[in-house]
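Input: a single structure, listed below in structure tokens.
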Amino acid sequence: MGSLVYREELEEDKNSAFTWEVQANNKAYNRQFKQKAFLCWWRKKYKRNAIHTAKYNVFSFLPLNLYEQFHRMSNLYFLLIIVLQGIPEISTLPWFTLFAPLVCLLTIRATRDLVDDIGRHRSDRAINNRPCQILVGKSFLWRKWKNLCVGDLVCLHKDSIVPADLVLLASTEPSSLCYVETADIDGETNLKFRQAPTITHHELTNIRKMASFQGKVVCEEPNSRMHHFVGCLEWEGKKYPLDSGNILLRGCRIRNTDTCYGMVIYAGFDTKIMKNCGKIHLKRTKLDHLMNRLVVLIFLSMVVISAALTLGFRFKVKEFKATHHYVSAKHDRSEDMDTFFIFWGFLILLSVMVPMAMFIIAEFIYLGNSVFINWDVHMYYEPQDFPAKARSTSLNDQLGQVEYIFSDKTGTLTQNIMTFKKCCINGPGSWGDGGQWGLCQDPYRWNKFADGKLLFHDAELLRIVRANKDQTVREFWRVLAICHTVMVQEKNNQLLYQAASPDEEALVTAARNFGYVFLARTQDSITLMELGEERVYQVLAMMDFNSIRKRMSVLVRTPEGSIYLYTKGADTVIYERLHKKGPMEWTTEDALASFAEQTLRTLCLAYKEVDEDTYEEWRQRHQEASILLQNRAHALHQVYEEMEQNLQLLGATAIEDRLQDGVPETIKCLKQGNIKVWVLTGDKQETAVNIGFACQLLSENMVILEEKEILRILESYWENNNNLQGGKKGRRKNQLPTQVKIALVINGEFLDQLLLSLRKEPRALVQKATLDTEEWQEPGEEKLLQARRLSLMWRTLGIQLRNSGLASQDKDSTTSESAEERRERAFVELASQCQAVICCRVTPKQKALIVALVKKYQNVVTLAIGDGANDINMIKTADIGVGLAGQEGMQAVQNSDYVLAQFHFLQRLLLVHGRWSYMRVCKFLRYFIYKTLASMMVQIWFSFYSGFTAQPLYEGWFLALFNLLYTTLPVLYIGLFEQDVSAEQSLELPELYIVGQKDELFNYWVFLQAIGHGMATSLVNFFMTLWISHDSAGPVSFSDYQSFAVVVALSGLLSITMEVILIIKYWTVLSILAIFFSLCFYVVMTCLTQSIWLFKISPKTFPFLYADLNVLSQPPILLVILLNVSLNTLPVLAFRVIYQALKRPPLKEEEEGKTPSEEVFVVEPMPYLHRESRTRRSSYAFSHREGYADLITQGTILRRSPGVNSDMLSDHTTPPDELSSNIKESLWSSRKMSFLGRKRHQYRGKVSSEEMQPASQASSFLTVDGQSAPYQENQNPPTKSSALSLNQQSGSSDCLGLVSLSKEEVFPKNEGSTCSSLSNKPGLLEAPSS
């Protein structure tokens, strides 16, 4: 199969060449490019924007579906038998008796596939017909998405979905910024900004200029790197650089931007999101694959048996011809020819060993179990009026065998709703326990600015705030109202806040409702309404948030002239910078611990007063640092560090990122069922880890492996073991130490680096990621404890891994594996031994890669669940795909096998419906194989007494109706309604689910048991009847052929009926009726087929005249039948009773000795991992990205006075049928997980300036210079502007070191003052709320 990562990498490298040329407004130029498709056939290089994700079309459906169906060995087997039945010399039944059922079977499956594909066609049609505005001539006209071509110019409005990958050319926002939400792409719901190149921002100021725009974009070939783009814009003989900060990707949603304009560079399947969507895989269950192998095995056995019986015929025919020479005229064929025909005759006679009825009934069983899923009221979500839906009917049994669940985070585990839950002010106690208020008792009615949406309520705190006597309380709310980057707009006499992250909006909104209302801001001031009094604060400096600083500060001058520093940030960094630590700080720390235990996201608030002389000295140093050409970020961090010292703690806030209902309980229950849950998200690491704690996937006593520990562990045993394990499952006997619970937290860049093929020249992108990972480390506590952590991790895990079987002990096992495959296997083995795995910042393609790696090296059933377009590839790749009808659209639903409204319904889907379906199908298969052999093996025994002539023993009609009527209903009941335990017990005992994971109910051993049981039944029925009837004569004799056949047939039918009575555990009226009607069918049909009326019509067709009536009228013969049934039933019953009696005590002991998988690790931690009693976890709630403060202080983000680009705001109203939805925002937090880094504050050290890496911080303040430098016509503009600091949201949550520019790129030679861009007067902030 080869290395999955290696193949992906070859494709990426091939697409890295800069050979993609697109010219604006020039379709003739773009059409001239061709590419070779097949042999001499060339096609257009640039695809249109229409997408087609369906498998079939009108012409391909029949051949392609038949091709897929005949991948099943059973269908090929039946086709062979039908062909043989068409040969008169060897036929035992008319060919159409088998052909009709086969056509029925193929039609049922084809109809099911067609219905699924029609849904995909409808989804494609809905997407392709979405409206958008395309520049046609000199005006923008409404067209459909499918009509877009590369080079077209597109106009988009607020809440529009981007139809293709575009280069942003201009927008109505200041500096041509454009805000986008990328939840459908990477799962992140905080807003990101993109910015148009400076040249197009200044030049393309109206539609006339856009119509004449002839710029050409030269960039890399289409590829799947979601966060990476390199290209340039060639226009009027000059080149201007482009990067991912200038690109709007298909699937993004425009937010807080009235209008923007872009040029299509990738369309349709060339877009990055479609490159990540993957292909539709033909999904087959484990039982399906097993049945394929068993059909081959049965067929080979039939060939061997037929050959053996044919040899017997050859000897018999010789003897017969020698003895009875007088009948030789009837044998006009040669012995060889007779032998040849007899062989095929036996093969047809024994073909009933693989009954087609089994596969037809199985289709109805799958369909029925799917309907039960659709009808389950316990999986109906009333708020959305949405029931569960099984879109695939062929995977139900595999729902009972899942071992790995791969879940998205945003919208799947969370609701994307964040609320201000609690707060702690000035130490004692916490506020917010007063419950939530109802609509009739709004406690904030006294405040005309209150939005009425804050559910937080504490009457005592509200009384203290309104009294306005407590200085600490006043400063607490003032920090929330001042220290942020939120924008505000007044609309319909209401204040609308626009925040880059939902947590900031929640904090500012809480302050607003408590009377500290943020009214307006300019680049150097901020206006508040404090309990009815309007106050304007002069902003002296904004010290922006980033994931290294973990804090944000604002230095302001109050209306009274005093200078204050207001800071908010993670508890770990705020506590390090406090002036003193007294009782108030300790009580606040206790409140933080309490908040963390409740999985709330915390934030500490602090402030200090700064005297004038100190500020003036600091301002000089800040000015000097801000104009440095080298190590500017390093110098600015030092200056910030100086100011952010000796703070006074005000308190802490706690925000709840609401999980979906029942998520923690569901994950706990699934883990008890030995199901591993991995979270694969495009979100930041800190946010994902916090959600991991909230949903109890992670716990406080869990050791979290991070990147360096993983590399250290893997590299150590790579050095000691040149070859990794070759894939034998039996090797992994010693698992990771059970004294410690292990979790794995990695990001997409690290995954790329870890699984990169071992070549001498890795991709440049990964080299940058490596630098970013290695150079940017949290200062202070982590570096102090790094050596100790690594040694502890190695002592705990490294040696254990070497002994766990992860390292190969025999080199021969790996000779067939490449280095890439061994590396992949090592990672999967390590991850599979962890109790939790969280992969952050992963692209849709990486999600699918992780699923594929686990499937390849673990050989387990995987399930992927998600709700966005970024989950489609993962859903398609997994064995089972579950789509949530969530807030990110219906793309995941259209590509899924099952649809749920809430994550917690997954528990019932797997543990109830999945386990029941698996148990029913397994019991159905075992019983069907048993009853087939019990009734049909007598044909083999009879051939020994019929001269090996392939003569059937049974009446033809008995054979035809046996599987159709006589035994169908009980089998159908087992497949549809059988239950071993109730649904409630299935949920209470998730350990029962493990049976399916181990394939215990149907495997080769169970198959052999069914064969043995069926063979024993056939032996009893045939030879007991033969022995009793031997040498008998008279009225009660049944030694004639027909009577003997009736006795054997009836004995077999009653024996298998007794077997079904023994194995049914869930008795209902339906089960009784099924058995009763089956026997009634036998009586009625036998009376009919053996009637004198039909015999007169066709004696050859109905030869058994009154045979059953003659036999059953004799009591001795009834005793023979009763004896046969008793001999078949009583020993089996006795064996099962004894087996259960002997098996039960060991089971109890096992349950006592083996606790559920969740609790097997609840052991006292090792001494060196013991935590102190007052452990505090940093779970700070601050998800917004660096760069917004610079946009504010430069005035870039502020609305300019009308004039610039105003003529672009022509009347482009949104069509009434265009869908728009509200922002679904998810909680963001930033937190570095480190199991020893969460020690008490005595381990904390101050940031050492020498430890900071200036090179990797270069992008921290590129925004200042990029925006302040005026555009010069004679040189390339500094297009890597403020978007650069975020541009490459390419990777990790700490992505600050990916940009490196020369001095000339950052500072043009004639650069003016850093304040040159601030000359524009601030106007109304216009960023409408979503």
Side-chain angles (χ1 to χ4, degrees), residues 171-177 179 191 193 195 256-258 449 478-491 494-500 504-505 507-509 511-512 516-530 533-545 552-566 615 619 622-623 626 1184 1186-1206 1261 1263-1264 1266-1268 1270 1281-1282 1312-1329:
S171 82
T172 54
E173 294 300 302
S175 304
S176 284
L177 290 171
Y179 301 93
L191 298 188
F193 63 80
Q195 190 166 16
N256 300 354
T257 305
D258 287 337
F449 292 100
R478 193 171 285 162
V479 171
L480 294 182
I482 291 177
C483 186
H484 57 77
T485 59
V486 175
M487 309 301 290
V488 65
Q489 178 193 10
E490 187 173 348
K491 188 174 183 180
Q494 290 290 326
L495 294 177
L496 299 178
Y497 289 154
Q498 315 307 328
E504 272 217 317
E505 184 177 0
L507 294 171
V508 177
T509 301
R512 166 185 178 174
Y516 289 77
V517 186
F518 166 50
L519 291 180
R521 77 157 76 243
T522 67
Q523 64 198 53
D524 57 2
S525 70
I526 186 167
T527 303
L528 304 185
M529 181 69 72
E530 297 184 0
E533 177 187 358
E534 184 172 318
R535 293 169 61 86
V536 180
Y537 294 83
Q538 181 185 358
V539 178
L540 304 177
M542 291 186 73
M543 305 168 207
D544 204 358
F545 164 87
M552 176 185 178
S553 298
V554 177
L555 193 63
V556 298
R557 189 185 299 275
T558 66
E560 294 78 17
S562 302
I563 299 175
Y564 282 89
L565 176 75
Y566 294 116
Y615 166 68
R619 187 181 66 83
H622 179 263
Q623 179 68 18
S626 63
H1184 110 117
E1186 183 176 16
Y1188 283 91
D1190 292 331
L1191 294 177
I1192 291 172
T1193 55
Q1194 298 166 43
T1196 305
I1197 200 172
L1198 302 179
R1199 174 68 66 189
R1200 290 172 171 78
S1201 56
V1204 179
N1205 289 0
S1206 61
F1261 277 82
T1263 57
V1264 175
Q1267 289 298 329
S1268 61
S1281 56
S1282 57
S1313 157
T1314 55
C1315 299
S1316 61
S1317 66
L1318 306 182
S1319 58
N1320 296 306
K1321 293 182 180 180
L1324 176 66
L1325 303 178
E1326 185 169 344
S1329 98

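Values below: all heavy atoms of this structure, side chains included; hydrogens, waters and symmetry mates excluded. Everything numeric here is computed off the predicted structure, so don't read it as measured data.
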Separation between OG1 of T509 and CG of L480, rounded to the nearest 0.5 Å: 10.5 Å
Taking all atoms of both residues into account, what is the closest heavy-atom pair of E173 and D258, and its distance? OE2-N, 3.8 Å
For the student: nearest non-hydrogen atoms of R512 and L495, plus distance: NH1-O, 3.1 Å
Could you state the interatomic distance from CZ (R535) to CG (L519), rounded to the nearest 0.5 Å? 13.0 Å
Measuring from atom CG of L555 to atom CE of M542, what distance do you get when rounded to the nearest 0.5 angstrom? 11.5 Å
If I compare all heavy atoms of Y497 with all of E505, which pair ends up nearest, and what's the gap? O-OE2, 3.9 Å
Just so I know, are the side chains of Y564 and R478 near enough to count as touching, which here means a heavy-atom distance under 4.5 Å? no
Minimum heavy-atom distance between R521 and H484, given as atom pair plus value: NH2-O, 3.0 Å
Please name the pair of heavy atoms, one in P559 and one in V536, separated by the smallest distance, quoted to 0.1 Å. CG-O, 3.4 Å
Roughly how far, to the nearest 0.5 Å, is NE2 of H622 from CG of L540? 10.5 Å
Regarding S562 and E560, is there a side-chain donor-to-acceptor distance under 3.5 Å anywhere? no
Gap between atom OG of S525 and atom CZ of R557 - 0.5 Å precision: 13.5 Å
Working to the nearest 0.5 Å, report the span between CG of N256 and CG of L177. 11.5 Å
Distance-minimising heavy-atom pair for A481 and F518: O-CB, 4.0 Å
